[in-house]
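A quick write-up on the structure given underneath.
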2 protein chains.
Amino acid sequence: MVTLAEVAQHAGVSASTVSYVLSGKRSISAGTRQRVERSIQELGYHPNAGARALASSRSNIIALMVPLRTDMYVPVMMEIAIAVATHARTHGYDVLLLTGEEGPDAVRRVTGSGLADAMILMDVELDDGRLPLLRQTDQPSVLIGLPADTSGLTCVDLDFGATGALCAEHLALLGHRDIAVIGEAPAVYERHTGFAERTLDGLRSRSRELGLRVLHRPCEGGYDAMALTLARILDERPGTTGFVVQNESAVEPLLALLRQQGRAVPEDVSVIAICPDQVATQASVRLTSVAIPAQEMGRLAVEHLIAKLEGHGKDEVVLIAPELTVRASTGPAPTAA
Amino acid sequence: MVTLAEVAQHAGVSASTVSYVLSGKRSISAGTRQRVERSIQELGYHPNAGARALASSRSNIIALMVPLRTDMYVPVMMEIAIAVATHARTHGYDVLLLTGEEGPDAVRRVTGSGLADAMILMDVELDDGRLPLLRQTDQPSVLIGLPADTSGLTCVDLDFGATGALCAEHLALLGHRDIAVIGEAPAVYERHTGFAERTLDGLRSRSRELGLRVLHRPCEGGYDAMALTLARILDERPGTTGFVVQNESAVEPLLALLRQQGRAVPEDVSVIAICPDQVATQASVRLTSVAIPAQEMGRLAVEHLIAKLEGHGKDEVVLIAPELTVRASTGPAPTAA
DNA sequence: ATAGGTTGTCGAAGCGCTTCGACGCGATTC
DNA sequence: GAATCGCGTCGAAGCGCTTCGACAACCTAT
């Protein structure tokens, strides 16, 4: 293993000079710089991460806490994680992958040990046990998701309230009057991961203004659960002509069931999905959807975290404006005639 | 930040004693140990990761290289990654998430800097550019996936050859004669990620023995691509009664298309999927499938890596035996009558 | 010519931990 | 009762880097 000292000797300068060449924290003459850089090349030198962390008390590592739950079908999580990792690298940071398993202890361990300089938390619950720790540590952090109390925190999320409202508007504009929301699995509501509730709130309040009637039903993914849920909805509100689906794994089942019952999409019923674009375009009907911008969320989280690490950057809530893309699954409500 | 020295002072012992309490590398009297442990508790001490890494030249970090491609096969990757992270923790290791973006350079950087003690590579291609580096470094590594030349490497993977064979056997036993394989997207074959080819080879050679006729067609996911592929298959081999689907995102489209054409599953045609169990059970028909054991792969990779880190543990190829679960999508071939 | 600034480089002091050899002490052995 | 051993503890060295103050050497302005 090549060390700084060896590089210094090879280049005929002192160790500190090499260090300054590497960090750029002091000016170095062009000649010396080149000599040092050549030596680094020739010897294949890589600074030792541990030594660097010890001496500078910065590890150049960002911790990313992902939810443990593999029960939910969550490509979005992976997409965010990859976006975070890729983006962090462009700022010279590596990403440490933590699962939710350790819970708040992981936060203590990571901040306490100086393993990471900062952290990003995904899948934040409304009243998350990790938040008090984050508030009292001076380690920068960014949440992806929105807890109930955001004071003293930086959060990045899709504006799910506006997303709900957008869905309501789109359906109202098309003349629908009775709409149903296929929500996430009950477990999601029980965990109080805010996004589902915020979507619903946004959708409900806009619907009230627009005169839409809304029926909300949580739904596990899969065909059986969807069949049951759909039957109940149509039983209670036979005139339902618009569906907003938040649970990704209920989308395809819903489409299949509607087809099976002879209800044409979008002629008889309209369907809006809240899902990544990829899912919307690959479904059996090209879905009108509000995209979940996974990449963007990952990118923004990193940007804000870096800003905090560099001193500027304040606590704030960053909500990404939702965008509704009209595809082939929504159309005018069938005339009552 | 509390240091070892402070703990030592608080407990009235020397720093080295505290260190030995922590590592257990020398025997410590029960009394001293308790005193030290209490001090650690009271002061809320966490060893500094950088200092530890520097002094011991071990970081207790495992690097995990995931593919950059978010285009495919994603849920499984996430599941493996989480399994790796969770499992690594039980052995006292954290996981560093690297994307494929840096390619071979990431390997150099990580091994060179001592950032990680070992690495796990996912999505290994047949002739992967990272392999030479792995072979020449003395840093332990485990691949998830199988390259062409496995000499000097430890690999963990599902036995895709046997998986293919198993599918052929199941269909043959049910009396099917003409079967079609819906493969992965062409890009997968072009990248020479071996698993798709190995599945096909296994399936083909067993089919030959059993007298099955096999038609293989790569297929992008989604409805349009699947519709095209299915039409071509039925055009070329109208008598096809068995399908083996390797591309997860082609499963549901296939089922929908068959339904639409009035071909009943499993009365008229049988379908086997190679996919995680969750997908198989949530599909519109409960699918007979060979599971992709993501958790198991992650777990095994970590176990073998730890073994190598601890000195025992040899280079070997670990193939997980496939298991076919019969569900509701396969049945006897329709009689020619 | 002289005081005052720059600029580029060096030496040394740590950062917080692990680990090696040394040592004191009570328990064994003949 | 002396020689031997193991156990539990300590002190010190050093892991490879960053960073601070010091200091030549040069350049400017008076």
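In this text, all values refer to a predicted model and were calculated from it rather than measured experimentally. Because only heavy atoms are used, hydrogens play no part in the values below, and waters and symmetry mates are left out as well, while side chains stay in. Lettering of chains follows the sequences in order, A, B, ..., and the numbering in each one begins at 1.
Shown here are the salt bridge (Lys or Arg N to Asp or Glu O under 4.0 Å) partners of A/Arg108, two or more places apart in sequence or in another chain: A/Asp105.
Between B/Asp117 and B/Lys308 there is no salt bridge, since no side-chain nitrogen of the basic residue lies less than 4.0 Å from a carboxylate oxygen of the acidic one. Between B/Arg109 and B/Glu102 there is a salt bridge, since at least one side-chain N of the basic residue sits less than 4.0 Å from a carboxylate O of the acidic one.
Residues A/Leu96 and A/Ile62 fail the side-chain proximity criterion, which asks for heavy atoms closer than 4.5 Å.
Residue A/Arg38 qualifies as open at atom CZ: its count of foreign heavy atoms under 6.0 Å is 12 or below.
Residue A/Ser29 places at least one side-chain N or O closer than 4.0 Å to OP1 or OP2 of C/dT9.
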For every nucleotide of nucleotides 11-21 of chain D, 5' to 3': is a protein heavy atom under 4.0 Å from its base (B), only from its sugar-phosphate (S), or from neither (-)? B--BBBBBBBB

